[in-house]
Each structure stands twice: as C-alpha cells, then as structure tokens.
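To start, the structure itself, in structure tokens.
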Amino acid sequence: MLDIKKLRSNFQEVKEKLDKRGEDISELDKFEELDEKRRSLIQKTEELKQRRNTVSQEVAQLKREKKDAEHLIKETKEVSADIKKLDEELKQVEETLHQLMLRVPNIPHESVPYGEDEADNEEVRKWGDIPSFSFDAKAHWELADELQMMDFERASKVTGSRFVFYKGTGAKLERALINFMMDLHEEEHGYEELLPPYMVNHDSMTGTGQLPKFEEDAFQVKEEDYFLIPTAEVPVTNLYRDEILQAEDLPLAYVAYSACFRSEAGSAGRDTRGLIRQHQFNKVELVRFVKPEDSYEALEMLTGHAEKVLQMLDLPYRVMNMCSGDLGFTAAKKYDIEVWLPSYEDYKEISSCSNFEDFQARRANIRFKRDRKSKTEFVHTLNGSGLAIGRTVAAIMENYQQADGSIKIPEVLRPYMRNKEYIQK
RNA sequence: GGAGAAGUACCCAAGUGGCUGAAGGGGCUCCCCUGCUAAGGGAGUAGGUCGUGUAAGCGGCGCGAGGGUUCAAAUCCCUCCUUCUCCGCCA
C-alpha cells in the first residue's frame with residue numbers, strides 16, 4: 001500500500017511512475033475526491049464529538065448537584081444522532097478508499113528499467129558455462145521416467161493434473177536439496193530457520209499483497225477463511241504483522257522451507273510436462289525485515305545468497321533486473337534468477353528476489369522504533385526464493401545427465417545422498 | 001466437538017453507567033541519599049493512530065474485535081476471536 005500523504009502531495013508524479021507499469025490505473029483518479037471527502041467528514045464528526053463530550057461532562061456535573069439537565073440531554077440527543085449519520089457516511093468513504101488503495105501497485109524504484117514485458121528485462125550478470133552434450137540430451141520428465149524418480153500419471157489419478165509423486169532417489173534428491181539449502185542459509189548466511197503454517201488467514205494474504213487482487217491464484221479452504229500458502233513469504237512476512245519492532249532487532253532474517261500451492265489460473269497449456277509448473281511444489285524462502293535505508297543493500301545481499309546455491313551446485317544461471325512492466329504488483333525492484341534448462345534450451349526462472357520497500361509493511365502494519373522517543377516507522381521487507389526446489393531438481397537432472405542415461409550428483413549434495421555419485425537404474 | 005473461566009496500558013492488577021478521557025503495584029527514565037552495591041526517598045511514565053496547524057499545540061478514537069442500548073459505556077446487551085482448565089477424539 002502506498003503512503004496516502006505522499007500520494008496526496010505528489011499525485012501527478014506518483015501517477016506517472018505507476019503508469020510505467022503499463023497497468024490500468026484509471027481507478028486512481030477517484031483518489032483525490034475520496035481523500036478530500038474523508039477529511040472533511042472527519043472534521044465534521046470530530047467537532048460534534050467534542051461538543052458531545054463537553055456537554056456530557058456538564059450533564060454529569062448537574063446530576064451530581066441534583067439539578068435539572070433536561071435541556072442539555074435533549075441537545076446531546078440530537079448531536080448524537082448527527083454523529084451517527086456522519087460516522088456511517090465516513091465509514092463508507094474510508095472503506096471505499098481503503099479498497100482502492102489495496103489495489104494500487106507499488107512504485108517502481110528508479111533503478112528499474114522501463115519496459116513493457118519480459119522481453120525488456122535487463123540482464124545483470126551471467127554465471128557458469130552452458131553444457132554441451134555429445135548425445136541427445138533428455139528432458140527431466142524423460143529421465144524421471146527412466147530412472148523411476150517420479151510418477152506423474154498416478155499423481156493425476158490420485159489428485160489431478162499438475163501434481164507429482166516423487167519416488168525413490170527422486171524423493172531423496174528433493175529432500176537432499178531442501179536440507180542442503182536450509183543448512184547453507186542457516187549456517188553460512190545467518191538466517192534463522194522457520195517452519196511455518198501452510199495455511200494462512202485472509203489478513204495475512206492481504207498483508208503480503210496476494211489479496212484482494214489475486215484471489216483466483218490461490219487455493220482457498222472452504223468454510224475457514226484460510227488459504228493454502230502460495231509461498232512461505234506469506235506466513236513469514238506476516239510473522240510481525242501489527243507489531244512494533246525495536247531498531248536493534250533489525251535486520252531480521254529468516255529462512256523457511258514450505259510446500260507452496262498455486263492454482264495457476266491462466267497458465268493452462270503452459271509448461272504442461274514435468275516439474276516446472278505444479279499446483280504444489282517445495283521451496284526454501286528467504287525473508288528479511290530491515291531499516292528503510294538498508295533495503296537496497298539487503299536486496300543485493302539476498303540475491304547473492306540465492307545465487308550462492310546455484311554456484312555451489314554448479315548450475316549456469318543469469319540474473320535479470322525486472323523491467324517496470326514485469327515487476328509484479330508488490331515489488332519496487334525485483335531480480336529474477338534464471339537457471340539454464342537444456343530441455344527448454346533457455347534460462348528459466350528459479351528464484352525471484354524482491355525489495356518491497358514499505359509496501360507490504362504498510363499493508364501488514366509492521367513498524368519499528370529507532371529509540372524510545374522516536375516516531376514509529378515502517379520497516380522494509382524483502383524476500384527471495386533460495387531456491388524453488390522442484391525446478392532445481394529439474395535443472396540438476398538435465399544439466400548433470402550422462403551419456404549412459406545416469407545423472408551425476410553434484411558434489412555438495414552427496415553427503416545428503418549417502419555419498420552416492422550417480423543416480424542410475 | 002461438549003462444559004466452564006478469562007482477556008484492561010511494557011508486566012501484574014482495581015474497576016457493574018457520569019469528578020475513571022482508567023486507581024494501585026512492578027518495571028523503566030531522571031533526580032536525591034549512601035564510599036560502591038543493596039536498601040531508602042522524590043518526580044515522570046497511554047502507547048498508538050487519525051484530523052488540524054509551519055510549529056509549540058489543540059482535538060477525535062482507544063479497556064480482545066465488531067455491533068447495539070443510553071443524553072453518557074471499561075462498566076449493560078448481542079455476535080465473534082484468542083487463551084486457559086476439564087471431558088471427548090486424535091498424529
């Protein structure tokens with residue numbers, strides 16, 4: 001959510017910046033009128049409330065002195081009726097304004113390149129060598145089948161499309177990656193480990209920005225007002241919702257493993273084979289709460305932590321600076337890390353690292369105080385995948401495949417895989 | 001799921017309609033006393049948010065949340081949430 005005061009005082013400027021996202025922001029035109037109306041209603045009711053308060057005191061005084069207060073009581077009766085009417089009107093205006101504000105996206109940072117879609121994203125750096133195969137390289141779903149690492153067909157029977165059973169070494173590889181990443185971020189990068197709830201309530205989904213605009217992307221638990229989390233970002237960022245933190249507690253850094261659930265509404269027909277686009281997938285997520293002045297440095301650091309995983313696994317990747325048109329609703333700046341996938345003959349997103357500045361903190365009301373006397377300020381929140389596990393499995397299988405159909409296990413994972421060197425029949 | 005109890009400020013806690021727009025204590029901050037520490041004495045301590053104002057300030061809201069009754073609600077009524085205890089069920 002944007003700062004209403006800032007929006008009020010720089011309306012045209014903010015509008016122009018938002019316009020770079022290429023989204024329809026015509027709704028924003030109602031802002032000024034609503035804001036004006038709200039403030040004038042507040043002034044009117046508060047004036048009346050002040051009157052009611054003083055008269056109430058006078059009534060109390062007269063009653064104590066056993067004097068007659070009828071005339072005052074009659075007046076207050078009328079004043080209270082007016083207050084009630086105005087309060088109802090104010091409540092409606094505030095609700096309308098709030099709903100409007102919840103649907104306004106974040107302002108892109110100045111370092112975000114202008115562009116319309118993913119074609120305009122800017123490559124920041126590239127790492128590793130793209131493998132060349134002296135044989136016909138297979139896609140991970142073919143390898144998974146031959147090496148009996150996954151069962152997509154039976155998962156469709158048991159649940160539906162876009163679900164998978166990992167089996168045997170497939171399941172072991174997935175679990176090895178979770179543990180490897182958790183250990184790396186916890187032991188080497190200084191993140192505290194969390195294992196969050198996989199369902200969250202309506203307020204949490206609103207806090208991180210999934211609601212109200214993207215309700216159709218999430219799975220909802222009927223009759224409970226709970227949602228299956230699309231990412232651990234949601235429960236972890238909402239950990240401190242409606243709280244005031246101490247400056248000396250910042251930065252806070254958490255790493256959380258969770259399963260993630262996405263309806264993939266609007267993705268019908270895309271990435272239909274293999275692990276790339278599932279309704280349920282595993283992910284290790286990094287979340288940071290920082291002081292405003294530290295957030296851009298923190299974004300670089302966090303992105304580096306995610307990259308480190310790919311470096312240790314020796315998987316080729318590139319880092320993209322998302323352009324204004326491909327930023328997503330909540331981010332002020334976002335880097336996507338894309339891993340090389342031989343079956344796509346292209347780089348494919350494996351991590352998304354974002355600085356939300358105070359956008360989520362405002363929605364979720366996460367604040368901090370610099371010291372006892374200072375005003376509260378909103379923290380800045382960041383997060384990034386470190387990494388998406390399923391896509392990492394796919395990348396390892398495809399990049400590490402051998403001529404004989406086996407898959408070499410990256411060295412750093414071997415301690416998690418009984419020190420085996422290869423996955424083979 | 002059933003039955004009960006409770007939610008008041010940083011913590012504990014008093015408070016069944018109007019000098020409670022929240023007593024008292026602890027803690028915390030400052031000061032005094034003491035060679036230091038402990039003990040003791042004094043003062044301060046509603047955080048937050050919204051409106052208004054260049055500002056000092058002024059004003060509105062606030063006792064788990066939301067409604068209602070009343071001229072007036074922490075206090076009365078309704079709904080909900082959370083926590084605790086017991087029973088049932090369960091990994």
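- Checking the phosphate oxygens (OP1, OP2) of B/rU52, a side-chain nitrogen or oxygen of A/Arg39 falls inside 4.0 Å.
- The distance from atom NZ of A/Lys49 to atom C1' of B/rU52 is 15 Å, rounded to the nearest whole Å.
- The phosphate of B/rU49 (OP1 or OP2) has a side-chain N or O of A/Arg367 nearer than 4.0 angstrom.
- When the C1' atom is compared between B/rA23 and B/rC89, the two are found 46 Å apart, to the nearest whole Å.
- Under the Watson-Crick or G-U wobble criterion, with both distances below 3.5 Å, B/rC71 is paired with B/rG18.
- Nucleotide B/rC86 has B/rG2 as its partner under the Watson-Crick or G-U criteria, with both atom distances under 3.5 Å.
- Rounded to whole Å, the C1' atom of B/rG7 lies 11 Å from the corresponding atom of B/rA65.
- For A/Lys5, a side-chain nitrogen or oxygen approaches OP1 or OP2 of B/rG51 to under 4.0 Å.
- The gap from the P atom of B/rA72 to that of B/rC87 amounts to 47 Å, rounded to the nearest Å.
- With both pairing distances under 3.5 Å, B/rC58 is matched to B/rG51 as a Watson-Crick or G-U wobble pair.
- Distance check on atom P: B/rC76 versus B/rC63 gives 14 Å, rounded to whole Å.
- The base-pairing partner of B/rC33, taking Watson-Crick or G-U wobble contacts with both distances under 3.5 Å, does not exist among the strands shown.
- For B/rA72, one of the phosphate oxygens OP1 or OP2 lies less than 4.0 angstrom from a side-chain nitrogen or oxygen of A/Ser80.
- Residue A/Lys77 has its side chain nearest to B/rC71 when only B/rG18, B/rG60, B/rC71 are considered.
- Spacing between B/rA22 and B/rC12 at atom C1', rounded to whole Å, works out to 16 Å.
- When both pairing distances are held under 3.5 Å, B/rG66 makes a Watson-Crick or G-U pair with B/rC78.
- At B/rG51, one or more side-chain N or O atoms of A/Arg38 fall inside 4.0 Å of OP1 or OP2 (strictly under the cut-off).
- Contact annotation for A/Gln57: base contact, defined as any heavy-atom pair under 4.0 Å involving a base atom.
- Rounding to the nearest 0.5 angstrom, the gap separating the NZ atom in A/Lys37 from the CD atom in A/Glu94 is 12.5 Å.
- The C1' atoms of B/rG15 and B/rA9 are separated by 15 Å, rounded to the nearest whole Å.
- A sub-4.0 Å separation between OP1 or OP2 of B/rG47 and a side-chain N or O of A/Thr376 is absent.
- Atom name C1', nucleotides B/rG62 and B/rA74: the rounded distance is 10 Å, in whole Å.
- Judged by closest nucleotide on RNA chain B, A/Asp35 is the one of A/Leu72 and A/Asp35 placed further toward the 5' end.
- Atoms CZ and OG1, on A/Arg162 and A/Thr272 in that order, are 7.0 Å from each other to the nearest 0.5 Å.
- Set against B/rG18, B/rG60, B/rU52, the side chain of A/Ser56 has B/rG18 as its closest nucleotide.
- Side-chain to base pairing of A/Gln50 with B/rG59: no donor and acceptor N or O lie closer than 3.5 Å to each other.
- Distance check, rounded to the nearest 0.5 Å: CE of A/Met150 to CE of A/Met397 gives 4.0 Å.
- Residue contacts for A/Arg8: at a heavy-atom cut-off of 4.0 Å it reaches the sugar-phosphate backbone alone, with no base atom in range.
- For A/Asn53, a side-chain nitrogen or oxygen approaches OP1 or OP2 of B/rC61 to under 4.0 Å.
- The separation between A/Asp242 atom CG and B/rU49 atom P is 12 Å, rounded to whole Å.
- When each of A/Lys213, A/Lys15, A/Lys17 is tested with A/Glu23 by the rule salt bridge (Lys or Arg N to Asp or Glu O under 4.0 Å), just one qualifies, namely A/Lys213.
- A heavy-atom distance below 4.5 Å is found between the side chains of A/Arg288 and A/Leu302.
- Base pairing of B/rG44: its partner is B/rC28, meeting the Watson-Crick or G-U wobble criterion (both donor-acceptor distances under 3.5 Å).
- For B/rG17 and B/rG51, the P atoms lie 37 Å apart once the distance is rounded to whole Å.
- A/Ala394 and A/Ile276 get closest at one heavy-atom pair: CB-CD1, 4.2 Å.
- In terms of position on RNA chain B, the residue among A/Val59 and A/Thr76 whose nearest nucleotide sits closer to the 5' end is A/Val59.
- B/rG62 has its base syn relative to the sugar, with a glycosidic angle deviating from 0 by at most 90°.
- Taking side-chain N and O atoms only, A/Lys91 has no distance below 4.0 Å to OP1 or OP2 of B/rC61.
- Of the listed nucleotides (B/rU69, B/rC50, B/rA72), B/rA72 has the atom at the smallest distance from the side chain of A/Arg52.
- As judged by a 4.0 angstrom heavy-atom cut-off over every strand, A/Lys84 is placed among residues touching the sugar-phosphate backbone only.
- The CG atom of A/Asn355 lies 10.0 Å from the CG atom of A/Asn383; values are rounded to the nearest 0.5 Å.
- Rounding to the nearest 0.5 angstrom, the gap separating the CD atom in A/Gln210 from the CD atom in A/Glu215 is 11.5 Å.
- Taking atom CG of A/Asn201 as the reference point, atom C1' of B/rC80 lies 14 Å away to the nearest angstrom.
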